[in-house]
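Structure first, then comments.
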Number of protein chains: 2
Amino acid sequence: MAKSKTAEKLDASTEEKIKEAARTVFHKKGFAATRTRDIAEEAGINLALLNYYFRSKARLFEIIMLETISVFVQAMALALNDEKTTLGEKVERVVTSYIDLIEKEPDLPIFMLSEIRNNPDLLLVKLPIKQAIMGSVFFRQHHEAVTQGKITEPSPIQFLMNLIGLIMFPFIASPMLKRIGDLKEEDFNRLMQERKRLIPVWIEAMMKAS
Amino acid sequence: MAKSKTAEKLDASTEEKIKEAARTVFHKKGFAATRTRDIAEEAGINLALLNYYFRSKARLFEIIMLETISVFVQAMALALNDEKTTLGEKVERVVTSYIDLIEKEPDLPIFMLSEIRNNPDLLLVKLPIKQAIMGSVFFRQHHEAVTQGKITEPSPIQFLMNLIGLIMFPFIASPMLKRIGDLKEEDFNRLMQERKRLIPVWIEAMMKAS
DNA sequence: AAATATTTTAATCAAATGATTAAATTTTTC
DNA sequence: GAAAAATTTAATCATTTGATTAAAATATTT
């Protein structure tokens, strides 16, 4: 009732509690499979309160989604735009920070990619993702390395696909991989930790091979 | 009404038409976001008929899902169990056949991986996926190559993650990649076709690098 | 502490959706 | 070609689910 005039005065902890619960449930089940009642229960509040704070499931989802993508892009953009690091160091940083991030929140990659597929325009138009990556120091350095013959594969998009794919795919496919390889949670995590060291080595070898 | 006694006599084309429509809609939207009415409309039949043939949305889904996973595993298992091909040739075949398959049905990977995540037990227990891959000729050859020092990375699971990830990830992330790289559908497809040649080269370089 | 503003909830609504039923239509059998 | 079986449909039910409302509870102000 007092929302529109005084949004800034509302207890932030309740609003944050709902958002936190929404993040958890949305990330785990995706938009379509999520019930607003699940979020309310997870947050320990009544269903009506959720709509009081966020008007609708769709609006709450959009807020969570934009924050989630933002975290992802930010982590990438920061590493890729450091003037002080070399190309190889950038790869190492991206690999390490993403593997640590995703190990803490394993649902993140498949959540993001599924929901982006369902609604690419809504979610990607709003973020300056293209500029943040294609205009980065990283891509300038990549281009220089190609010019100097240090890298034989000239497409930066191929580079990006390989880097992100090698990082994220195992997490996306983890239920299947655990089954195939008969891996416990800890076995799987050990493999992911090993990949922090391996992926930079692999990437370097790949980019000189084609 | 006459279903249970004479299932084998039902017109296969109608049943198949419904399954075909279900495949299309489920693959595109996933289980939770799919409405049985969407499937009926796609198939050009009435909603009740869908339940007459398949009893429920869940049962229809399970049939589609098992077939879909089966296609995937089969394609992999066939290539990996050929006694006549070398390790490198197997990689080439897997890469080529999967890229062609997925280019025809781009929703396949993310559909499979999302739904497996939602219900790993139901879907993976029923298929002898572990045995089909871990007991394959491919893995014997991989082990031999490691023993002979031709491959320095000893874990076949890391090998598998890299191979499948390099193939499937770009399709999973395609909406985002198209946006980042400013790629039209045809640009993207061209990159995927290039990867038929590139991935085997990359894989070889990687496996000798670590 | 009374008055006012803010926060929270229980109860309810309306639309969407999975499923059923009984009757109509078409096909097959004899 | 009449009877029986199989197929298809329109209409309807029951549950789920997103959203609203009006009132109760709590906090804040004066």
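Throughout, protein chains are lettered first and strands after them, A, B, ... in sequence-line order, and every chain is numbered starting at 1. Note that this is a predicted model, so its numbers are computed, not measured.
Contact annotation: A:Y53 side-chain N/O to C:dT7 OP1/OP2 distance is not under 4.0 Å. Of the side-chain N and O atoms in B:N51, one or more sit less than 4.0 angstrom from OP1 or OP2 of C:dA19. Dashed line: the shortest gap from a side-chain N or O of B:R35 to OP1 or OP2 of C:dG18 is under 4.0 Å. The shortest distance between the side-chain N/O atoms of A:T14 and the OP1/OP2 oxygens of C:dT7 is not below 4.0 Å. Of the side-chain N and O atoms in A:Y52, none sit less than 4.0 angstrom from OP1 or OP2 of D:dT21.
Comparing C:dG18, C:dT8, D:dT9 by their closest approach to the side chain of B:L47 singles out C:dG18. Nearest nucleotide to the A:L49 side chain, out of D:dA19, D:dG18, C:dT9: C:dT9. The nucleotide whose nearest atom lies closest to any side-chain atom of B:T36 is, among D:dA19, D:dG18, C:dG18, C:dG18. Nearest to the side chain of A:A48, among D:dT20, C:dG18, D:dG18, sits D:dT20.
One can place CZ of B:R55 at 11 Å from C1' of C:dT20, the figure rounded to the nearest angstrom. When rounded to the nearest whole Å, the span between CZ of B:R59 and P of C:dT20 equals 12 Å. Distance B:K57 NZ to D:dT16 P: 14 Å, rounded to the nearest Å. To the nearest angstrom, P of D:dA19 lies 13 Å from CZ of A:F54. Counting to the nearest Å, the C1' atom of D:dT17 and the CG atom of A:D38 are 10 Å from each other. For the pair B:I45 CD1 and C:dA19 C1', the computed distance is 14 Å after rounding to whole Å. A:L50 places its CG atom 16 Å from the C1' atom of C:dA10, with the value rounded to the nearest Å. B:F61 places its CZ atom 14 Å from the P atom of C:dA19, with the value rounded to the nearest Å.
The pair B:E89-B:K84 does not count as a salt bridge, with every side-chain nitrogen at least 4.0 angstrom from each carboxylate oxygen. Between A:K196 and A:E92 no salt bridge is recorded (no basic side-chain N to carboxylate O distance below 4.0 Å).
Using the six-membered ring where Trp is involved, B:H142 and B:F138 have ring planes that are parallel, under 30° apart on the 30 and 60° scheme.
Within 3.5 Å, a donor on the side chain of B:R37 pairs with an acceptor on the base of C:dG18, or the reverse.
Cation-pi contact between B:K57 and B:F31: present, with separation from the ring centre below 6.0 Å and deviation from the ring axis of at most 45°.
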(request) Apply the test ring-ring contact (aromatic ring centres under 6.0 Å, His included) to residues A:F159 and A:F139: give CA-CA distance (whole Å), side-chain angles for both, the deciding distance (0.1 Å), then the verdict. (result) CA-CA 10 Å; A:F159 193 117; A:F139 272 88; 7.6 Å; no
